[in-house]
Amino acid sequence: RKSTAPVKRRNRLTERAVEPEEAQIRSEAETPDATLQNRFRQPYSRDEPPPGRDNFFSRLRGTLPDRPQFRVSAWRPAPSGRSGPEILPRRWSRWGILSGAGAVAVLFILTSTVFARLTVIIKPRVEEAALKEIAALFDTSVSKVLLSQKVIPAERLIFSRELMREFTAAGREQIQERAKGRAKIYNRFSSAPQPLVAGTRFMADSGAIYRIQKSVTVPGAKIEEGQIAAQSLEVELIADAAGEDANAAGEVTLRIPGFKGGPRYEGFYAAAPQGFSGGFKGEATMVSKDDLKTAQEEVSKVLFEELRQEMETKIPPGLALVKGLYEIQIVKIEAPRPGTRADRFSVKAQASGKALVFREEDAAALLKSLAIEEGGDQELVEGSVKIEYGVKSADFAKGRAEVALSGSLKTKTKIPEQELALIIKGKKEGSVIEFLKTRRELASFSIAFFPPWRSKAPSDPSKIRFRVEQP
């Protein structure tokens with residue numbers, strides 16, 4: 001017999017217990033929305049279902065438990081300063097998780113295949129070669145290296161410099177010096193020239209006697225506009241006797257005593273515009289031979305060093321100057337004679353320098369051509385060439401020099417990168433290492449995979465890169 005009483009069915013939606021925080025959420029809700037306030041102010045009841053769910057709750061009416069079991073959503077008022085309620089983030093959906101996992105998988109596959117790389121860092125094996133003396137010719141007449149003839153182009157440079165220094169005289173001795181001065185001898189006697197022999201006397205108004213040192217001829221006078229125009233000749237007059245009595249300051253007029261008593265006495269005369277000086281008799285400080293020698297040696301030494309430094313600093317960039325390919329000469333020295341009376345004296349010197357300069361890369365190219373076979377598997381290690389120069393002879397006038405070159409250089413084997421890439425492509429890490437160990441041109445190496453979890457070289461040789469370090 002079937003019962004006619006209504007069967008109460010369990011409703012899974014109504015079996016949720018109301019959490020304790022429901023009451024707190026209801027009490028804290030503060031919003032101007034009256035509907036929202038009412039929603040949190042009292043729980044739902046069996047007779048008053050939530051808005052928007054009339055049909056659903058009407059179907060469940062009569063089957064609801066005595067106590068409302070609805071769960072309040074995590075829905076609470078917005079913090080102060082914001083409008084509207086705050087909604088907590090939802091959990092990840094199944095499709096979102098699957099999409100993220102797929103993206104990671106695609107990225108992993110691309111990184112492991114398309115973007116895969118193998119970098120091989122190589123340090124090549126280096127060998128040092130010693131070079132014996134090689135006779136080379138430095139020549140200013142050529143413009144490029146002649147390897148077969150061992151000729152290196154050179155340039156000739158010329159320098160000059162002067163130096164003057166002052167020194168203190170230390171000599172002391174008895175001195176007798178005669179006064180000297182420059183004078184002009186005038187002829188207003190006749191138009192005929194007048195010869196005067198060496199030693200002809202000239203007398204000043206003070207009675208001092210001076211003589212000419214060599215024979216001269218005074219030109220004859222000229223007639224200009226009916227008047228006699230005296231002509232002159234400049235000579236040096238030296239006092240007849242040593243001492244200070246013959247010193248005279250200012251212009252001095254002199255006559256020829258030999259013409260006294262005749263018409264030539266008034267027709268011939270001399271005038272010394274600067275007077276006479278230098279007359280002395282007694283003990284005085286003088287320039288000795290030792291003073292002069294010491295001064296000349298010092299000036300020459302200092303001038304030589306200054307010119308050498310100037311030559312080194314003024315060499316054009318890219319050119320080299322080595323010992324034996326330059327010369328410095330002291331071409332002129334001006335100094336007082338030994339025995340000159342003076343407390344201090346000056347020495348002036350002039351020097352000239354010549355140099356043959358060249359480019360060291362030209363010399364290195366010559367040594368490289370002799371040590372490394374052209375087209376071979378060896379190449380020069382950059383900056384490894386060391387050269388010593390032994391100058392045999394140098395002709396600065398012709399601009400040529402014979403030089404013996406010696407030294408050393410380092411070579412390394414060329415790395416066949418394309419060949420190595422074709423061999424190691426697709427090989428595992430262990431096979432790559434074992435293969436590279438067999439290569440004699442490698443001093444050491446290391447390999448790096450990208451991404452790091454790969455352990456196999458890419459199959460594409462273009463993705464295998466080599467980095468050769470300088471030894």
Side-chain angles (χ1 to χ4, degrees), residues 156-184 198 204 208-214 234-252 272-315 321-356 394 396-397:
R156 178 172 51 195
L157 303 178
I158 299 176
F159 303 84
S160 63
R161 190 178 181 88
E162 291 185 352
L163 177 66
M164 185 176 69
R165 289 286 181 89
E166 192 176 69
F167 301 90
T168 301
R172 296 285 297 182
E173 64 178 44
Q174 292 291 329
I175 297 177
Q176 293 186 1
E177 293 182 349
R178 295 182 293 175
K180 299 177 182 180
R182 302 292 297 180
K184 287 185 177 182
I209 300 297
Y210 305 89
R211 297 177 183 270
I212 60 175
Q213 303 302 303
K214 58 183 180 179
E234 187 175 8
V235 297
E236 182 183 38
L237 296 178
I238 299 178
D240 196 36
E244 298 178 358
D245 294 339
N247 293 336
E251 185 174 358
V252 178
Q274 303 299 326
F276 297 91
S277 61
F280 182 82
K281 187 177 182 179
E283 185 179 21
T285 302
M286 46 135 347
V287 180
S288 65
K289 292 182 178 179
D290 293 338
D291 293 338
L292 197 59
K293 181 181 179 181
T294 302
Q296 291 177 347
E297 289 178 352
E298 181 177 339
V299 171
S300 299
K301 182 179 179 180
V302 174
L303 180 59
F304 183 94
E305 185 62 23
E306 289 183 356
L307 183 56
R308 186 188 66 80
Q309 293 179 1
E310 179 181 348
M311 293 171 67
E312 291 180 351
T313 56
K314 290 187 176 181
I315 296 297
L321 176 66
V322 299
K323 186 177 181 180
L325 288 182
Y326 67 87
E327 68 172 4
I328 298 176
Q329 294 180 340
I330 306 298
V331 296
K332 186 178 180 181
I333 295 180
E334 296 179 4
R337 293 179 300 175
T340 300
R341 181 171 57 88
D343 294 330
R344 297 185 64 81
F345 66 98
S346 300
V347 175
K348 182 180 180 181
Q350 181 179 355
S352 67
K354 299 176 182 178
L356 293 177
F396 296 96

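One-based numbering along the sequence shown. Because only heavy atoms are used, hydrogens play no part in the values below, and waters and symmetry mates are left out as well, while side chains stay in. Since the model is a prediction, treat every value here as computed from it, not as a measurement.
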Test K180 against E236 for salt bridge (Lys or Arg N to Asp or Glu O under 4.0 Å), laying out the working first. CA-CA 7 Å; K180 299 177 182 180; E236 182 183 38; 5.0 Å; no

Quick one: are L163 and V302 in side-chain contact, heavy atoms under 4.5 Å? yes

Minimal heavy-atom distance between G275 and V252, with the atoms involved, is CA-CG2, 4.0 Å

Between CD on residue E173 and CD on residue E283, distance to nearest 0.5 Å: 9.0 Å

Looking at R341 and G279, what are the two nearest heavy atoms and their distance? NH2-O, 4.4 Å

Closest heavy-atom contact between N247 and G278? OD1-N, 3.3 Å

Within 6.0 Å of CD in Q274, more than 12 heavy atoms from elsewhere: no

Which heavy atom of S346 sits nearest a heavy atom of P336, and at what distance? O-CD, 3.4 Å

Does R161 reach the main-chain N or O of L303 with its side chain, forming a donor-acceptor pair under 3.5 Å? no

Return the minimal non-hydrogen interatomic distance between A394 and G324, and the atom names on each side. CB-O, 4.1 Å

Here the gap from R172 atom CZ to T285 atom OG1, rounded to the nearest 0.5 Å, amounts to 4.0 Å

Nearest-0.5 Å distance, CG of residue L307 to CD of residue Q329: 11.0 Å

Taking everything shown except R344 itself, do over 12 heavy atoms lie less than 6.0 Å from its CZ? yes

Between the CZ atom in R308 and the CG atom in L321, the distance rounded to the nearest 0.5 Å is 9.5 Å

Out of curiosity, I330 CD1 to Q350 CD, how far, rounded to the nearest 0.5 Å? 9.5 Å

pair V299-F167: side-chain heavy atoms closer than 4.5 Å: yes

Looking at NZ of K354 and CD1 of I158, how far apart are the two atoms once the value is rounded to the nearest 0.5 Å? 6.0 Å

Is a donor on one side and an acceptor on the other found under 3.5 Å between the side chain of T294 and the backbone of D291? no

With side chain to side chain contact (heavy atoms under 4.5 Å, CB included) as the criterion, how do Q176 and F280 come out once you've worked through the C-alpha distance, each side chain's angles and the decisive distance to 0.1 Å? CA-CA 6 Å; Q176 293 186 1; F280 182 82; over 6 Å; no

In short, S288 meets G171 closest at the heavy-atom pair CB-CA, 4.2 Å

After noting the C-alpha distance and the side-chain angles of I212 and L237, does the key distance pass the side chain to side chain contact (heavy atoms under 4.5 Å, CB included) rule? CA-CA 5 Å; I212 60 175; L237 296 178; 3.3 Å; yes

Is the backbone N or O of A246 less than 3.5 Å from a side-chain atom of Y210, with the two atoms forming a donor-acceptor pair by type? yes

Between E327 and L325 (side chain of the first, backbone of the second, donor and acceptor by atom type, cut-off under 3.5 Å), is there such a pair? no

Dump the intermediate steps for side chain to side chain contact (heavy atoms under 4.5 Å, CB included) on I328 and M311, then the final yes or no. CA-CA 10 Å; I328 298 176; M311 293 171 67; 3.9 Å; yes

CA sep, side-chain torsions, deciding dist, call: K301, E298, salt bridge (Lys or Arg N to Asp or Glu O under 4.0 Å): CA-CA 5 Å; K301 182 179 179 180; E298 181 177 339; over 6 Å; no

